[in-house]
Amino acid sequence: MLATTGKVADLDGLVRAAFAREERGTTGLGEEIAIPHAKTDAVTAPIVGFARSPEGAEWGSLDGTKARLIFMITVPEAAAGYEHLRILALLPRKLMDPIFRERLQEAPDQAEILRVLGEIG
């Protein structure tokens, strides 16, 4: 999905960076949320991707839940400091709200998903 943005210069490099980050520790936050992320020059600009998994994906979350809401955050190395931390600070804070998570999980289409996500930040 991220490759369709035109901001991914090296898809294999992005995948390697995401898996390397995951090897350092799970990005499964619990509460059915995972936020994998990577700092890599495989992308030319910050990108945030979102996917829902109705059945959940095993993510090694500390609370044992499967990830149903998955956000992939990737930034180029040059933007790794501020931009990466800003996104990682805003997103989990909003996702801790169970009503927000429910609305996101039950949004019927892409337009509604984007409207709900637009509340972040």
Original post:
So how far is it from Leu69 CG to Leu117 CG, rounded to the nearest 0.5 Å?
Top reply: 9.0 Å
Original post:
Apart from Ile70 itself, which Ile, Leu, Val, Met, Phe, Trp or Tyr residues share its cluster (side-chain heavy atoms under 4.5 Å, direct or through members)?
Top reply: Trp59
Subject >> ILVMFWY network linking Ile73 to Leu2, side-chain heavy atoms under 4.5 angstrom >> reply: no
Original post:
Got a salt bridge between Glu31 and Arg101, using NZ or NE/NH1/NH2 to carboxylate O under 4.0 Å?
Top reply: yes
Subject >> Heavy-atom closest contact (Ala18 atom, Ala38 atom, distance) >> reply: N-CB, 3.9 Å
Original post:
Are Val48 and Ile113 joined in one hydrophobic group, where the rule is that I, L, V, M, F, W and Y side chains link up if heavy atoms are under 4.5 Å apart?
Top reply: yes
**OP:** Evaluate the side chain to side chain contact (heavy atoms under 4.5 Å, CB included) criterion for residues Leu95 and Leu29: first the C-alpha distance (whole Å), next the side-chain angles of each, then the deciding distance (0.1 Å), finally the verdict.
**Re:** CA-CA 10 Å; Leu95 289 171; Leu29 302 184; 5.6 Å; no
**OP:** Would you check, one step at a time, whether the test side chain to side chain contact (heavy atoms under 4.5 Å, CB included) holds for Arg93 with Ile120?
**Re:** CA-CA 9 Å; Arg93 190 176 316 137; Ile120 298 173; over 6 Å; no
**OP:** State yes or no: do Val116 and Leu114 share one hydrophobic cluster built from I, L, V, M, F, W and Y residues joined by side-chain heavy-atom distances below 4.5 Å, directly or via other members?
**Re:** no
Subject >> Shortest non-hydrogen contact from Arg52 toward Gln105 >> reply: NH1-O, 2.9 Å
Subject >> Exam field: side chain Arg68 to backbone Pro54, donor-acceptor pair closer than 3.5 Å >> reply: yes
For residues 40-47, run the donor-acceptor check on the side chains, cut-off 3.5 Å, and write out each pair with its distance to 0.1 Å, sequence neighbours left out.
| unit_1 | atom_1 | unit_2 | atom_2 | d |
| --- | --- | --- | --- | --- |
| Thr40 | OG1 | Ala42 | N | 3.0 |
| Asp41 | OD1 | Glu77 | N | 3.1 |
| Thr44 | OG1 | Lys7 | O | 3.3 |

**OP:** Considering non-hydrogen atoms only, spot the tightest contact between Glu22 and Pro36 and give its length.
**Re:** OE1-CB, 4.1 Å
Subject >> From His37 atom NE2 to Met72 atom CE, the distance as rounded to the nearest 0.5 Å >> reply: 9.0 Å
Original post:
Does Phe50 have any ring-ring contact (aromatic ring centres under 6.0 Å, His included) partners at least two apart in sequence or in another chain, and if so, which?
Top reply: Phe71
Original post:
How far apart are the closest heavy atoms of Ser61 and Thr26, and which atoms are they?
Top reply: N-OG1, 4.2 Å
**OP:** Before accepting this row, confirm whether a basic side-chain N of the pair Arg103/Glu112 lies closer than 4.0 Å to the acidic partner's carboxylate O.
**Re:** no
**OP:** For Glu32 and Lys66, run side chain to side chain contact (heavy atoms under 4.5 Å, CB included): C-alpha distance rounded to whole Å, both residues' side-chain angles, the deciding distance at 0.1 Å, then the answer.
**Re:** CA-CA 5 Å; Glu32 300 181 330; Lys66 291 183 176 182; over 6 Å; no
**OP:** Carefully, step by step, assess Met96 and Ile33 under the rule side chain to side chain contact (heavy atoms under 4.5 Å, CB included).
**Re:** CA-CA 9 Å; Met96 290 300 108; Ile33 301 165; 3.9 Å; yes
